[in-house]
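What follows is one structure encoded as structure tokens, with my remarks underneath.
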Amino acid sequence: MGKIVIVGGVAGGATAAARLRRLDEHAEIIMFERGEHISFANCGLPYYIGAAIEDREELLLQTPESFNARFNVDVRVLSEVIFIDRSVKTVKVKNIKTGETYLQNYDKLILSPGGSPIKPPVEGIDSKRVFTLRNVADTDLIKNFIKTEKPKNAAVIGGGFIGIEMAENLCEAGLKTSIVEMADQIITPLDIDIVCEVQNHLREKGVSLYLNNGFKKIIETDSGLTVELQSGSINADMVILAIGVKPESKLARDAGLNVNSRGGIMADKHMRTSDPDIFAAGDAAEIIDFVTGEPAMVPLAGPANKQGRIAADNICGITSEYHGTQGSAVIKVFDMTVAFTGINEKTAKRLKLNYDKIFLWLGGHAGYYPGSRSMSIKVIFEKDNGKILGAQIAGFDGVDKRADVIAVAIRAGMTAKDLCSLELCYAPPYSSAKDPVNMAGFVIENILTGRIKNFHWHEVDSLPRDGTATLLDVRNPDEYGAGHIDGFMNIPLDTLRQNTGALDKSRPVYVCCLSGMRSYLASRILMQNGFFVYNLSGGYRLYSAVKKNSECR
């Protein structure tokens, strides 16, 4: 294969290098990395700051020396590739320590430069109390600042993955922490009806949220920092910038490679760029959304590793294709787990898809086995055929494995009927005989076959309360007395059959319970007795969770 040069030595680049060596023992492979470390656990950096990972060396999966010893790759750290001359197939390399430059020729080139943290040009952004988190050096700065300066409070600017993980780990390190987010919610891939669970949980853990409120500038004071927001201000001893990342694509753009409007390096399904001898992988590469078929930028470690492997395959003559990213991800939020895969409802609406949705609230394992806690599940599907388009889950035990199963279902083009048929592992400590994934299939099938009609939390407040509809809560009286939706009368499920004569069949009936299960049973009773019925998907619990979240803004 001749000489292969790789730019970037973390997820995509390191994976490509290792795969190249496994496929070709005799190729000359040179990997340039601008930083000091390669193949480090960048997803683990926040947990070292919070001391969940105690040993810094655990983050360093490979050193340049160990990588060379195992894979015979010429690893050059503190070496920045600053220019590509495609006409003569050379790259210009700058030694970070000395400033000296030199040329290196290549036969094939892989670009895996990753993304860099966004730093807006505002006053105070370069304060020594303001940090970003991209690599081990950034982690060391934050860790040392906490150790030596002993800050008491911190502000995290940005409510994405890094922002949430940093907020949790700063709290674990003993700091009172706030999150500032310009959007009206954190973790924007989630819809509001699931993210409300996360936001309420963060508040319960003592994290302050400033939503729909960007920051304007940072002012250094004698006691620390004042972060001026679009509305109000907060004081902090340190600030973490976690606004997002932008692709490191200047090198590609200057070389005349095709780049999209967001700076993503455009590549085909073989990860080949507009130059047939140059490939791209990782956060800087544009990909195709698996569900929608649209071009997208999804900076995730799993896809970056796959893309690096596929680039290496094609360089070595193996026809290997990348079939798109569906955005499967999971995040720990203190003791809560949040996961999602496929598209969200915002995307479904934007694309004007013929979709529907369901909400479930089910235990992570059998309720009679100790420690079971429920998870909130949202599944989006096509109305025509029940094809699964996306899912979002927030809860505690078993969240990740349900999201993984649904991720596989989406990749395989499965429908709700397929979810019903899945034979999943069961024992009381781990699941229920009817797993939550099976239950999602059952509920969707009931909708598609007309056995149930749903209404949703955002429709509740607009329901008629003038007597033209019956609003019915079928929970027990003590549950109803502890809190209920305005205008809903109470007839417990177990007495409903004896009380159907008191209801008017000429009026539509809107039924709710805590989660949607008892109200489903009530709906089936009423429908088979001649009533036109709608069931509140997700129940009173979801409605009240969204309300609680909105009241905290």
**Item:** Inter-residue atom distance L45.CG - T139.OG1, 0.5 Å rounding
**Value:** 3.5 Å

**Message:** Using 0.5 Å steps for rounding, measure from the CD atom of Q199 to the CD1 atom of I194.
**Reply:** 12.0 Å

**Message:** Could you check whether any side-chain N or O of K176 sits under 3.5 Å from a backbone N or O of G206, counting only pairs where one atom can act as donor and the other as acceptor?
**Reply:** yes

**Request:** Give the intermediate values and the outcome of side chain to side chain donor-acceptor pair (under 3.5 Å) for residues N305 and T15.
**Result:** CA-CA 6 Å; N305 280 276; T15 296; 2.4 Å; yes

**Asked** When you check the gap from the basic side-chain N to the acidic O, do K108 and D277 get nearer than 4.0 Å?
**Response** yes

**Asked** Going through the checks in order, is the side chain to side chain contact (heavy atoms under 4.5 Å, CB included) test met by L111 and F279?
**Response** CA-CA 6 Å; L111 301 178; F279 295 74; over 6 Å; no

**Prompt:** Would D138 and R134 pass as an ion pair if we require N to O under 4.0 Å?
**Reply:** no

**Fill in**
In this structure, CD1 of I380 is separated from CD of Q392 (nearest 0.5 Å) by 5.5 Å

**Asked** Strictly by modelled atom types, are E286 and N260 linked by a side-chain donor-acceptor pair under 3.5 Å?
**Response** yes

**Request:** Give a yes or no on whether the backbone of A304 and the side-chain of R309 come within a donor-acceptor separation of less than 3.5 Å.
**Result:** no

**Prompt:** Are the side chains of L241 and F131 in touch, meaning some heavy atoms are under 4.5 Å apart?
**Reply:** no

**Message:** Tell me whether N438 contacts the main-chain N or O of L419 through its side chain, where contact means a donor paired with an acceptor under 3.5 Å.
**Reply:** yes

**Message:** Nearest 0.5 Å, please: how far is OG in S249 from CD1 in I265?
**Reply:** 6.0 Å

**Asked** If you measure from CZ on R76 to CD1 on I6, what distance do you get to the nearest 0.5 Å?
**Response** 12.0 Å

**Prompt:** Between I187 and F340, is a side chain to side chain contact (heavy atoms under 4.5 Å, CB included) present by the stated rule, with each step listed?
**Reply:** CA-CA 11 Å; I187 317 178; F340 51 88; 4.1 Å; yes

**Request:** Spell out, as yes or no, whether a donor-acceptor pair under 3.5 Å connects the side chain of Q307 to the backbone of A281.
**Result:** no

**Asked** Does a side-chain heavy-atom distance below 4.5 Å link M297 with P247?
**Response** yes

**Prompt:** Do N344 and T347 have side-chain atoms, one donor and one acceptor, less than 3.5 Å apart?
**Reply:** yes

**Request:** Ignoring hydrogens and angles, state whether a donor on the side chain of N314 or S320 is under 3.5 Å from an acceptor on the partner side chain.
**Result:** no

**Message:** Regarding K92 and D85, does a basic nitrogen lie under 4.0 Å from an acidic carboxylate oxygen?
**Reply:** no

**Check: T188 and L190 side chains under 4.5 Å, non-hydrogen atoms** = no

**Prompt:** Given side chains that start at C-beta, do those of N153 and T177 come closer than 4.5 Å, heavy atoms only?
**Reply:** no

**Prompt:** Do D24 and I29 have side chains that get closer than 4.5 Å, going by heavy atoms?
**Reply:** no

**D275 with R86: basic N within carboxylate O range, under 4.0 Å** = yes

**Prompt:** So E248 and R253, salt bridge (Lys or Arg N to Asp or Glu O under 4.0 Å) or not? Walk me through it.
**Reply:** CA-CA 10 Å; E248 290 268 21; R253 188 167 52 248; over 6 Å; no

**Asked** When you look at K205 and E168, which way does the salt bridge (Lys or Arg N to Asp or Glu O under 4.0 Å) test go after all the steps?
**Response** CA-CA 9 Å; K205 294 296 183 179; E168 174 189 345; over 6 Å; no

**Check ion pair K378-E345 (N to O, under 4.0 angstrom)** = yes

**Complete:** Note: F290 and H323 closest approach over all heavy atoms is CD1-O, 3.2 Å

**Message:** Assess, by modelled atom type and distance only, whether the side chains of H201 and D335 contain a donor and an acceptor separated by less than 3.5 Å.
**Reply:** yes

**Message:** With a 4.0 Å cut-off on N to O distance, would you call D397 and R373 a salt bridge?
**Reply:** no

**Request:** Please determine if R56 and D140 form a salt bridge, counting it only when a charged side-chain N lies under 4.0 Å from a carboxylate O.
**Result:** yes

**Prompt:** Atom CG of L175 and atom CG of L170: how far apart are they, to the nearest 0.5 Å?
**Reply:** 5.5 Å

**Request:** Identify whether the distance between the nearest side-chain nitrogen and carboxylate oxygen of D435 and R402 falls below 4.0 Å.
**Result:** yes

**Message:** With a 4.0 Å cut-off on N to O distance, would you call K97 and E36 a salt bridge?
**Reply:** no

**Asked** Going by the angle between their ring planes, with limits at 30° and 60°, are F71 and F67 parallel, tilted or perpendicular?
**Response** tilted

**Residue from L20, I278, V5, V7 passing side chain to side chain contact (heavy atoms under 4.5 Å, CB included) with I110** = L20

**CA sep, side-chain torsions, deciding dist, call: L103, V93, side chain to side chain contact (heavy atoms under 4.5 Å, CB included)** = CA-CA 6 Å; L103 298 179; V93 185; over 6 Å; no

**Message:** Do I318 and I310 have side chains that approach each other closer than 4.5 Å (heavy atoms only, starting at C-beta)?
**Reply:** no

